[in-house]
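Since the structure comes first, as structure tokens, the remarks are kept for the end.
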Amino acid sequence: MPRLAAATALLLVTAFAAQAQDAEGGVSSATMGELVGQGYEIKAAAPNGSRYVVFMQKDKSAYACEFVNTAQTQCRQIN
């Protein structure tokens, strides 16, 4: 249960960060496959309707990925 609470809190923070980045126009995007190829690791996942939000991290860089299926993902940098 603590993991779910942490993932939910991270999801909310991610949503606000994504909105702020969209407003600034400095959003970096990638696919989950590209991120895995660059050495990013999955740190958490949270359900979002029929999809999942997957959080990936490498060192101090993090991405939130909207995961629909293995062929459809969209990731945005959150820091």
Side-chain angles (χ1 to χ4, degrees):
M1 193 65 167
R3 284 184 129 173
L4 180 59
T8 302
L10 190 56
L11 176 62
L12 293 173
V13 169
T14 301
F16 289 118
Q19 287 177 344
Q21 286 180 339
D22 284 341
E24 296 171 5
V27 177
S28 176
S29 63
T31 66
M32 284 183 71
E34 292 169 343
L35 295 174
V36 168
Q38 294 172 17
Y40 283 81
E41 296 178 350
I42 295 173
K43 295 296 183 178
N48 184 17
S50 63
R51 303 169 185 207
Y52 280 86
V53 175
V54 178
F55 300 96
M56 302 184 75
Q57 182 178 359
K58 176 183 170 187
D59 301 324
K60 293 184 178 184
S61 179
Y63 281 79
C65 302
E66 183 180 54
F67 182 84
V68 178
N69 59 42
T70 55
Q72 284 185 289
T73 63
Q74 182 179 11
C75 302
R76 304 255 180 177
Q77 191 169 23
I78 58 175
N79 62 340

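Since the model is a prediction, treat every value here as computed from it, not as a measurement.
Taking every heavy atom of both residues into account, Q38 and K58 meet most closely at O-NZ, 2.7 Å. Summarising the geometry of N79 relative to A62, their closest heavy-atom pair is OD1-N, 3.0 Å, with the distance given to 0.1 Å.
With rounding to the nearest 0.5 Å, the separation of CE in M56 from CD in E34 is 11.0 Å.
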Worksheet item: Run the side chain to side chain contact (heavy atoms under 4.5 Å, CB included) check on Q74 and T31 step by step: do they pass?
Response: CA-CA 5 Å; Q74 182 179 11; T31 66; over 6 Å; no
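The side-chain heavy atoms of L35 and C65, taken from C-beta on, include a pair separated by under 4.5 Å. The shortest side-chain heavy-atom distance between F67 and R51 does not fall under the 4.5 Å cut-off. The shortest distance between side-chain heavy atoms of V36 and E41 does not fall below 4.5 Å. Looking only at side-chain heavy atoms (C-beta outward), M32 and V54 come within less than 4.5 Å of each other.
Judged purely by atom type and a 3.5 angstrom limit, D59 has no side-chain atom pairing as donor or acceptor with the backbone of S61.
Side chains of S28 and Y63: a donor on one and an acceptor on the other come within 3.5 Å.
Hydrophobic clustering of Ile, Leu, Val, Met, Phe, Trp and Tyr side chains at less than 4.5 Å, counting indirect connections, keeps Y52 apart from I78.
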